[in-house]
Peer 1: 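Below are the structure tokens for one structure; questions will follow.
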Protein chains: 2
Amino acid sequence: MAQTLLKPRAAQAQADVRAALPLGQIIAGDCVEAMRSLPSASVDLVFADPPYNLQLGGDLSRPDGSHVDAVTDHWDQFDSFAVYDKFTREWLTEARRVLKPDGALWVIGSYHNIFRLGAMMQDMGFWILNDVVWRKANPMPNFKGTRFTNAHETLIWASMGEKARYTFNYTAMKTLNDELQMRSDWVLPICNGQERLKKGGTKVHPTQKPEALLYRVMLATTNKGDVVLDPFFGTGTTGAVAKRLGRQWIGCERESNYREAALERIEMALELDESALKTMQSPRSAPKVAFGTLIETGWIAAGTVITDKKRRLSATVRADGSLVSGTEIGSIHGLGAKLQGAPACNGWTFWHIEHQGEVKPIDALRKLYLLATED
Amino acid sequence: MAQTLLKPRAAQAQADVRAALPLGQIIAGDCVEAMRSLPSASVDLVFADPPYNLQLGGDLSRPDGSHVDAVTDHWDQFDSFAVYDKFTREWLTEARRVLKPDGALWVIGSYHNIFRLGAMMQDMGFWILNDVVWRKANPMPNFKGTRFTNAHETLIWASMGEKARYTFNYTAMKTLNDELQMRSDWVLPICNGQERLKKGGTKVHPTQKPEALLYRVMLATTNKGDVVLDPFFGTGTTGAVAKRLGRQWIGCERESNYREAALERIEMALELDESALKTMQSPRSAPKVAFGTLIETGWIAAGTVITDKKRRLSATVRADGSLVSGTEIGSIHGLGAKLQGAPACNGWTFWHIEHQGEVKPIDALRKLYLLATED
DNA sequence: CCCAGAGGTGAATCTGGCT
DNA sequence: AAGCCAGATTCACCTCTGG
């Protein structure tokens with residue numbers, strides 16, 4: 001836990017910020033105003049599904065300050081882009097303010113708005129980590145046959161800056177994808193059937209996102225207990241999935257009927273229990289075992305000769321866990337790199353040892369050691 | 001033929017313009033300068049594969065230690081987004097000038113540049129018709145496990161304006177796609193093997209595009225005899241495909257070694273019977289469903305207990321699709337094998353679940369999922 | 001001649017913690 | 001802040017070689 005490493009005062013400050021957050025609540029009103037009520041650097045993830053139809057309501061003004069009635073005004077195209085850009089810059093600015101330095105931003109959109117969104121994010125200093133394509137398994141056909149069937153939407157995942165850190169649960173994603181790296185194209189069905197919220201037979205929200213999409217986003221790029229903010233909450237897919245996955249959530253939503261539907265829906269969502277929530281742990285976060293420990297505990301005897309997989313290179317293990325090969329001496333990593341003439345080497349997988357009649361990487365012994373010493 | 005509808009004087013003017021075009025030639029030099037030498041409103045299609053501005057850092061090596069041959073060419077280096085934007089605006093301006101009013105523009109890029117490109121196209125008055133995702137069948141993996149595998153690139157197809165007409169060969173696309181509407185995501189392999197141009201064993205161009213991509217673009221959005229301009233001609237994929245499909249082409253290219261390779265290649269290209277095209281497209285592969293997808297989409301809840309057919313062994317499903325049984329953890333296949341002491345196991349048929357009062361293999365759920373999400 | 005296995009490679013913003 | 005160093009990390013193809 002990073003928090004336990006903080007100095008008491010910093011930890012207390014962080015706890016204070018968190019205590020000030022309206023966790024599990026939907027803030028009523030315009031998203032920019034709503035976000036202004038939140039403290040800075042307090043949120044781990046922002047997921048935003050902004051409107052792109054330019055019908056943004058009556059509270060917008062042109063760059064020159066003149067009022068825009070979005071529904072009845074007839075704009076030329078450049079005017080409408082300018083208005084949309086202004087709106088986008090405003091909410092992105094607030095999102096950036098409330099995000100922690102190691103937080104991240106996801107946005108989703110279509111070709112109508114995603115290019116403006118992405119360019120503006122780059123201009124504001126966000127660092128794009130991936131663009132991800134949601135490939136719809138069952139899209140609406142193009143009835144007129146005038147274009148390609150619009151069968152995907154685009155998501156952008158960005159950190160706070162080029163050098164900023166971010167969360168990526170690589171192993172969980174790999175597990176979810178049958179032991180292959182998760183790719184940037186996600187095949188998922190659109191939201192319909194039981195999941196689609198309806199009232200009196202008609203859908204409550206025109207663009208309700210499937211929970212599977214948010215599930216993958218949160219499992220990949222947040223940790224349990226993280227705070228997820230959705231400035232365009234709608235009917236609360238983000239909140240429902242956050243609850244399921246043991247994440248905290250905050251929403252902003254202007255329309256009261258969406259807020260009501262969302263709260264009711266999230267109330268019904270079942271929280272996964274602790275054991276189901278656990279995911280495959282990355283070796284990066286697993287307890288570390290030094291090579292020397294295996295010598296000390298007798299799993300490998302000093303004096304043992306270990307080799308590379310093809311038995312072309314060999315080295316002798318010394319009592320302190322260093323290796324010697326001819327006149328060269330080094331750690332399992334350093335000597336492995338040196339003997340290969342490579343810039344780096346993972347000694348755990350490079351060096352092999354004969355164990356129970358089989359040649360195995362020494363990493364296998366480390367795993368056995370971990371299993372045997374697990375409490 | 002639109003030409004027959006023109007008044008004699010207009011038809012003559014159009015013929016004059018066409019006669020002034022350097023058809024089947026590569027104009028040497030910077031693309032903006034080169035395009036300035038072309039008459040206005042003379043070209044039916046511009047296909048542009050501009051530098052992506054990858055902004056790569058240091059070296060990258062694979063897990064096996066080998067070196068990744070990255071795109072470090074000088075033509076992909078820009079000092080800042082501002083410099084890149086200026087470059088982009090200049091060539092887009094010329095492209096717009098040389099395009100006919102009913103012409104169209106295609107661009108291709110990655111998340112590094114495509115958002116800036118798309119936003120600028122909109123700002124200049126181009127009207128986006130589709131964004132199209134090229135889903136790579138065989139992308140380069142993410143070697144460090146830091147992000148999602150970058151498995152796609154994005155194309156934007158745009159007309160000259162909201163009211164402008166454009167060419168779309170709906171039926172040809174539908175035929176190409178087994179009588180289903182062509183979607184906005186195209187699965188195609190990257191360019192390698194015989195198709196990849198090499199000289200002395202090394203690739204001539206670092207980012208040669210597959211011909212299949214250009215086939216689809218030209219077949220969809222041009223007619224026979226149309227003039228296609230590629231301002232970033234490289235090794236001439238656009239020219240080779242244009243020749244095969246009976247389209248006229250013009251290229252712009254700065255580097256003489258690319259120009260030479262392109263001319264030689266186009267010389268070799270044979271004009272093709274359109275009916276042969278279909279066989280060149282990659283076959284539709286059976287959709288794969290990862291176990292994790294069933295968790296994400298709610299077909300199986302995390303926390304569910306699944307068993308073998310005789311209910312002797314059981315395991316609990318976790319949020320990322322891994323299974324846990326006692327102290328053992330693994331994928332549906334791996335854990336199934338481990339618990340049986342078998343070398344391998346098909347988890348889909350081994351593990352069973354109670355569904356609608358019946359005990360069924362989880363494979364049955366996968367089939368139901370596939371049925372429900374079929375295109 | 002075929003097959004198995006080894007080797008190479010593709011538009012990539014590709015580590016992190018401690019001193 | 002820069003430097004050091006432990007150590008984590010790959011998928012789908014293609015071509016070539018040896019048996």
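Within every chain, numbering begins at 1; the chains are lettered A, B, ... in the order of the sequence lines, protein sequences first and strands thereafter.
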Peer 1: Please work out if B:Ser110 contacts a base, only the sugar-phosphate, or nothing of the nucleic acid, heavy-atom cut-off 4.0 Å.
Peer 2: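 The residue B:Ser110 makes no contact with any strand.
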Peer 1: Test your reading of the model: is there a side-chain donor-acceptor pair from A:His333 to the backbone of A:Asn346, 3.5 Å cut-off?
Peer 2: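 Not a single qualifying donor-acceptor pair exists.
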Peer 1: Distance between the C1' atoms of C:dT13 and D:dA6, in whole angstroms?
Peer 2: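 That atom pair is separated by 25 Å.
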Peer 1: Can you list the steps and then say if B:Glu264 with B:Lys199 is a salt bridge (charged side-chain N to carboxylate O under 4.0 Å, His left out)?
Peer 2: CA-CA 12 Å; B:Glu264 189 180 336; B:Lys199 197 167 182 178; over 6 Å; no
Peer 1: In terms of base orientation, is C:dT13 syn or anti, with the syn window spanning 90° either side of 0?
Peer 2: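 C:dT13: syn glycosidic orientation.
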Peer 1: What one-letter contact string describes nucleotides 9-16 of chain D from 5' to 3', where B marks a base within less than 4.0 Å of any protein heavy atom, S marks contact via sugar-phosphate atoms alone, and - marks no contact?
Peer 2: BBBS-S--
Peer 1: Are A:Thr279 and B:Asp320 close enough that a side-chain donor and a side-chain acceptor fall under 3.5 Å?
Peer 2: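 Short answer, no.
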Peer 1: Looking only at side-chain atoms of B:Ala70, point me to the closest of D:dA6, C:dA11, C:dA12.
Peer 2: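 Comparing D:dA6, C:dA11, C:dA12 against the side chain of B:Ala70, the answer is C:dA12.
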Peer 1: Mind checking the P distance from D:dC5 to C:dA12? Whole angstroms is fine.
Peer 2: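 After rounding to an integer number of Å, I get 31 Å for this pair.
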Peer 1: With respect to the phosphate group of D:dA6, does any side-chain polar atom (N or O) of A:Ser331 fall under 4.0 Å of OP1 or OP2?
Peer 2: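 So the side chain of A:Ser331 is within the cut-off, an N or O lying under 4.0 Å from OP1 or OP2 of D:dA6.
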Peer 1: Taking the P atom in each of D:dT15 and C:dA11, what is the distance between them to the nearest angstrom?
Peer 2: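 Approximately 16 Å lies between the P atom of D:dT15 and that of C:dA11.
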Peer 1: Side chain of A:His333 only, please: which of C:dC14, C:dG10, D:dA6 is the nearest?
Peer 2: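 Between C:dC14, C:dG10, D:dA6, the one nearest the side chain of A:His333 would be D:dA6.
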Peer 1: For the ring pair A:Trp127 and A:Tyr166, is the centre-to-centre distance below 6.0 Å?
Peer 2: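 Not under 6.0 Å, so no.
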Peer 1: Please figure out whether B:Cys191 or B:Asn150 has its closest DNA chain C nucleotide nearer the 5' end.
Peer 2: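 Its nearest nucleotide being more 5', the pick is B:Cys191.
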Peer 1: So what does B:Asp76 touch, heavy atoms closer than 4.0 Å: a base, only the sugar-phosphate, or nothing?
Peer 2: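 Counting heavy atoms under 4.0 Å across all strands, the contact made by B:Asp76 includes a base.
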Peer 1: Quick one: B:Gln208 CD to C:dG10 C1', roughly how many Å, whole number?
Peer 2: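 Value for this atom pair: 12 Å.
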Peer 1: Determine the minimum heavy-atom distance between B:Ala337 and B:Cys345, stating which atoms define it.
Peer 2: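 Result for this residue pair: N-CB, 3.4 Å.
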Peer 1: For the C1' atoms, the ones on D:dG7 and on C:dC14, what distance do you get once it is rounded to whole angstrom?
Peer 2: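 Roughly 15 Å separates the two C1' atoms.
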Peer 1: I need the CG-P distance between A:Leu335 and D:dG7, as an integer number of Å.
Peer 2: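 Rounded to whole Å, this separation is 15 Å.
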Peer 1: What is the minimum heavy-atom distance between A:Ile295 and A:Arg318, and which atoms define it?
Peer 2: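 Nearest pair, atom of A:Ile295 first, then A:Arg318: CG2-O, 4.2 Å.
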Peer 1: Between C:dA11, C:dA12, D:dA8, which nucleotide gets closest to the side-chain atoms of B:Leu54?
Peer 2: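 Looking only at heavy atoms from C-beta outward on B:Leu54, the closest nucleotide is C:dA11.
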Peer 1: Starting from P on D:dA6, measure out to CD1 on A:Ile362 and report it in whole angstrom.
Peer 2: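 After rounding, the gap between these two atoms is 13 Å.
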Peer 1: In this structure, how many angstroms lie between the P atom of C:dA12 and the CG atom of B:Asn113, rounded?
Peer 2: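 Rounded to whole Å, this separation is 13 Å.
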Peer 1: Verify side chain to side chain donor-acceptor pair (under 3.5 Å) between B:His112 and B:Ser110, making sure each step is shown before the conclusion.
Peer 2: CA-CA 5 Å; B:His112 308 83; B:Ser110 66; 2.6 Å; yes
Peer 1: Indicate, with a heavy-atom threshold strictly under 4.0 Å, whether A:Gly347 touches base, sugar-phosphate, or nothing.
Peer 2: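 It contacts nothing in the nucleic acid.
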Peer 1: Do B:His205 and B:Asn257 come within less than 4.5 Å of each other through their side chains, counting heavy atoms only?
Peer 2: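 A side-chain contact under 4.5 Å is absent here.
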Peer 1: In this structure, which stretches of DNA chain C are paired as stems of three or more consecutive Watson-Crick or G-U pairs, both distances less than 3.5 Å?
Peer 2: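 Stems (3+ consecutive pairs) listed as C:2-10 with D:11-19, C:15-19 with D:2-6.
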Peer 1: Can you measure B:Lys136 atom NZ to C:dT9 atom P for me and round it to whole angstrom units?
Peer 2: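 Checked: the NZ to P distance equals 17 Å.
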Peer 1: With a 6.0 Å cut-off on ring centres, are A:Phe168 and A:Trp157 close enough?
Peer 2: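 Yes, they do, as the ring centres are separated by less than 6.0 Å.
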Peer 1: Taking only side-chain N and O atoms of A:Arg165, does any of them lie within less than 4.0 angstrom of OP1 or OP2 on C:dG17?
Peer 2: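 True: A:Arg165 side-chain N/O within range (under 4.0 Å) of C:dG17 OP1/OP2.
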Peer 1: So, is the end of the A:Arg135 side chain (NZ or CZ) under 6.0 Å from the ring centre of A:Trp186 and within 45° of the ring's axis?
Peer 2: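 The answer is no, since A:Arg135 fails at least one limit relative to A:Trp186.
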Peer 1: Expressed in angstrom and rounded to an integer, what is the separation of A:Lys163 atom NZ from C:dT13 atom P?
Peer 2: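 So the NZ-P distance, A:Lys163 to C:dT13, works out to 15 Å.
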Peer 1: Donor-acceptor pair, A:Thr222 side chain versus A:Met218 backbone, under 3.5 Å?
Peer 2: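 Checked: pair present.
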Peer 1: Indicate yes or no for a side-chain donor-acceptor contact from B:Arg366 to the backbone of B:Phe291 under 3.5 Å, with no hydrogens or angles considered.
Peer 2: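 Judged by distance alone, no pair lies under 3.5 Å.
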Peer 1: What nucleic acid atoms does B:Pro50 come within less than 4.0 Å of, heavy atoms only: base, sugar-phosphate, or nothing?
Peer 2: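 Counting heavy atoms under 4.0 Å across all strands, the contact made by B:Pro50 includes a base.
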Peer 1: Just to be sure I understand the geometry, which residues of residues 118-132 of chain A put a non-hydrogen atom under 4.0 Å away from DNA chain C?
Peer 2: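 Within this stretch, A:Trp127, A:Ile128 sit under 4.0 Å of the strand.
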Peer 1: Determine whether the aromatic ring centres of residues B:Tyr258 and B:Phe233 are separated by less than 6.0 angstrom.
Peer 2: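 No, ring centres 6.0 Å or more apart.
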Peer 1: Within the structure shown, what part of the strands sits under 4.0 Å from A:Glu162 by heavy-atom distance: base, sugar-phosphate, or nothing?
Peer 2: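 It contacts nothing in the nucleic acid.
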Peer 1: Starting at atom CG of B:Leu197, determine the distance to atom C1' of C:dG10, rounded to an integer number of angstrom.
Peer 2: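 It works out to 15 Å between those atoms.
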Peer 1: Taking CH2 from A:Trp351 and C1' from D:dG7, how many angstroms apart are they, rounded to a whole number?
Peer 2: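 The answer, rounded to whole Å, is 15 Å.
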Peer 1: Counting any heavy atom closer than 4.0 Å, what does A:Asn177 reach on the DNA or RNA strands: base, sugar-phosphate only, or nothing?
Peer 2: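 Touches nothing.
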Peer 1: Centroid-to-centroid, B:Trp134 to A:His152, below 6.0 Å?
Peer 2: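 For B:Trp134 and A:His152, the ring centres are not under 6.0 Å apart.
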